[in-house]
Chemist: 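Okay, here's the structure, questions in a sec.
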Amino acid sequence: MASAKTLWYCTNCGNESPKWMGRCPACGEWNTMVEAPVEKKGSKGGAKAVASGSKGERKPLRLKEIDRSKEPRLQLGMPELDRLLGGGIVPGSLVLIGGEPGIGKSTLSLQIPLVSGLKTLYVTGEESARQVKMRADRLCGGAVGESVSGAFCRNGLRSSAEETDSPAAPVEDTLIFTETRMESILEQAEEIRPELMIVDSVQTMFTDTVESTPGSVSQIKEVAAMLLRFAKESGIPVLLIGHITKDGYIAGPKILEHIVDVVLQFEGENRGAYRILRSIKNRFGSTSEIAVFEMTGAGLREVANPSEMLIPMHEAGLSGAAICATLDGTRPLLFEVQALVSSAVYGTAQRSATGFDTRRLNMLLAVLEKRAGFHLSAKDVFLNMAGGLKVSDPAADLAVVAAVLSSNFDYSLPGDSCFAGEVGLSGEIRPVANTDRRIGEAARLGFKRIYVSSFTPLGEQQPKEIKIVKVADVPALVKALFKNA
Ligand code: TYD
Ligand code: MG
């Protein structure tokens, strides 16, 4: 009997296996295999059918035969989000928005039709129609349908001023559909033919062609494949929402990442005001771009200039803080790195880093110990990146070192200085990519001094308002910063 057969899937990478294994042979993660029944006979073969083109009528084309005309993109009415997508959403694309529960996925996706005015089918399997309505009222700062445009603009959800007196048309074009069965959703979508479809969330949807319960790996794979097929055939872009659990074990967006065209992921603390949306995969634009949003009482507000919000309001004078000039994607981003160095209470010193790799912190501390003679092994070191950011740019090293030393000496760094450099194992300070851009952004924000590697190749034209201080190694940095300490 074929129907009794099951397969095992890795929830981390989607690898299939005929039997359970403690460790996934493909990605090496432990304890990630879950059981899922094989699709019923006669189902359409899921993702494979999409990849090969379901009708078998397509032929290979010569490169020069392919139409190069630029894909028109749909604007979602939120400039930062459009920029993140590479200039709007591409018709027929499937975009996954992932993030932990409560971070703002539903809020963002409901805001899109309200702000853009696109005819949207909003399918939700998580909330009742009334709940969605209440949320929409909240986003509009009043009852939807009554003097909406005015309320919108006051809330700053609309960006451009000229839209201030546009009619309240958008809201009437948002159709809310509380349904979880894919077959009926797609039937409605074919009939309505919206400009945009939103599905909240992939974990609650199910299809009749697969036997397992909603949220299981095989359901998620098949639901995503059906949506991809629908998007490609109809040309309607689909925004799909997916939850990521804290432990990351439940079947989820990891597998989806391979199927969809674009993956946007929310980062940041649920309790903090700022949410960062990062593009992890984008078939139509660059990745590792970010957009920053602020969660307000009336929805998410775009923060066009994140550096300004991440730089501290307090005047210089606190020790343990250093401003770092990083690059996130193509966008320079300046923010505060905070360190606290104190004598260890217990025998072994604690090291903890939020938003920064702890192993990298340990390495930097070892470099400080070995190459510059600071005995930090008996000290607790805590490190924090402002605004809940996660930083992987090596240029943050220099600011981390400066912040740690500043806290260690209890000597504050001048508030008008910032740092961009990688620290190597022998204590040398190495140049980082696009230093010119970082310098430009620092100058624009009014910084007076930026510390970079001596080996940085710099362009001829540098802003006059900022002094570029070149340091060769950690001892040179210590000398430059803490002469008086
Ligand atoms: P939500 O979009 O429901 O999260 P997700 O869909 O990712 O699970 O966001 C929920 C949180 O956002 C909730 O804690 C309340 C908060 N929130 C606001 O602060 N302001 C608002 O206008 C809205 C709609 C939600
Ligand atoms: Mg939600």
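Note that ligands are numbered from 1 as they come in the structure, with each ligand's atoms numbered from 1 the same way. Side chains included, hydrogens not; waters and symmetry mates left out as well; all remaining heavy atoms used.
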Chemist: Going by atom types only, do Thr207 and Glu222 share a side-chain donor-acceptor pair under 3.5 Å?
Modeler: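 On atom types as modelled, these side chains do not qualify, holding no pair under 3.5 Å.
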Chemist: Taking it one step at a time, do Arg438 and Glu441 satisfy salt bridge (Lys or Arg N to Asp or Glu O under 4.0 Å)?
Modeler: CA-CA 5 Å; Arg438 301 170 201 259; Glu441 174 79 354; over 6 Å; no
Chemist: Would you check whether Glu127 has a nitrogen or oxygen atom less than 3.5 angstrom from a nitrogen or oxygen atom of ligand 1?
Modeler: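 N/O-N/O distance under 3.5 Å: no.
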Chemist: Provide the number and element of each atom of ligand 1 under 4.0 Å from a heavy atom of Pro101.
Modeler: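 Listed by number with element, the hits are 8 (O).
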Chemist: Kindly compute the distance separating CG (Leu175) from CD1 (Ile198), expressed to the nearest 0.5 Å.
Modeler: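 The distance works out to 11.5 Å.
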Chemist: Side chains of Ser234 and Arg193: do they bring a donor and an acceptor to under 3.5 Å?
Modeler: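 Distance-only check fails for Ser234 and Arg193.
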Chemist: Quick one: which ligand 1 atoms are inside 4.0 Å of a heavy atom on Thr296?
Modeler: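 So the atoms of ligand 1 that pass are 18 (C), 19 (O), 20 (N), 21 (C), 22 (O).
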Chemist: Got an N/O contact under 3.5 Å between His243 and ligand 1?
Modeler: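 No, His243 has no N/O under 3.5 Å of an N/O on ligand 1.
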Chemist: Taking atom 3 (O) of ligand 1 as the point of reference, which of Arg135, Lys105, Glu126 owns the nearest heavy atom?
Modeler: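 Of the listed residues, Arg135 has the closest heavy atom.
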Chemist: Test your reading of the structure: does Arg275 have an N or O sitting under 3.5 Å from an N or O of ligand 1?
Modeler: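 Between Arg275 and ligand 1 (N or O atoms, distance only) the closest approach is not under 3.5 Å.
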Chemist: Has ligand 1 got any nitrogen or oxygen that is less than 3.5 angstrom from a nitrogen or oxygen of Leu139?
Modeler: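 N/O-N/O distance under 3.5 Å: no.
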Chemist: Will you find, in the side chains of Ser201 and Glu126, an N or O donor that is under 3.5 Å from an N or O acceptor?
Modeler: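 Yes.
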Chemist: Report yes if some N/O of Gly102 lies less than 3.5 Å from some N/O of ligand 1; otherwise report no.
Modeler: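 Between Gly102 and ligand 1 (N or O atoms, distance only) the closest approach is under 3.5 Å.
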Chemist: With respect to the Mg ion (ligand 2), please indicate if Ser106 possesses an N, O or S atom at a distance under 2.8 Å.
Modeler: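 It does: Ser106 brings an N, O or S atom closer than 2.8 Å to the Mg ion (ligand 2).
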Chemist: How close do Leu227 and Met197 get, heavy atom to heavy atom, and via which atoms?
Modeler: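 Shortest heavy-atom contact: CD2-CE, 3.6 Å.
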Chemist: Can you name the atoms of ligand 1, numbered from 1 with element, that are less than 4.0 Å from a heavy atom of Met295?
Modeler: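 Listed by number with element, the hits are 12 (O), 16 (C), 17 (N), 18 (C), 19 (O), 20 (N).
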Chemist: Minimum distance, heavy atoms only, to atom 21 (C) of ligand 1: which one of Gln131, Gln111, Glu294, Arg138 is it?
Modeler: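 Of the listed residues, Arg138 has the closest heavy atom.
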Chemist: Does some non-hydrogen atom of Gly299 fall short of 4.0 Å from ligand 1?
Modeler: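 Contact present.
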Chemist: Just wondering, do Ile220 and Tyr9 contact through their side chains at under 4.5 Å, heavy atoms?
Modeler: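 Result no, sub-4.5 Å side-chain heavy-atom pair not found.
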Chemist: Drop me the distance from Glu302's CD to Asp82's CG, to the nearest 0.5 angstrom.
Modeler: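 One gets 8.0 Å once the value is rounded to the nearest 0.5 Å.
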Chemist: Which of the numbered atoms in ligand 1 are below 4.0 angstrom from a heavy atom of Ala298?
Modeler: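 Close to Ala298: 22 (O).
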Chemist: When rounded to the nearest 0.5 angstrom, what is the spacing between CZ in Arg283 and NZ in Lys281?
Modeler: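 Here the rounded value is 4.0 Å.
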Chemist: For the 3.5 Å polar cut-off, considering only N or O atoms, please tell me whether Leu108 and ligand 1 meet it.
Modeler: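 Not met; the criterion fails.
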Chemist: Going from CE on Met78 to CZ on Arg301, what distance comes out if it is rounded to the nearest 0.5 angstrom?
Modeler: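 The CZ atom of Arg301 is 10.5 Å from CE of Met78, to the nearest 0.5 Å.
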Chemist: Please say whether Gly104 places an N or O atom under 3.5 Å from an N or O atom belonging to ligand 1.
Modeler: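 Looking only at distances, the answer is yes, because the N/O contact criterion of under 3.5 Å is met.
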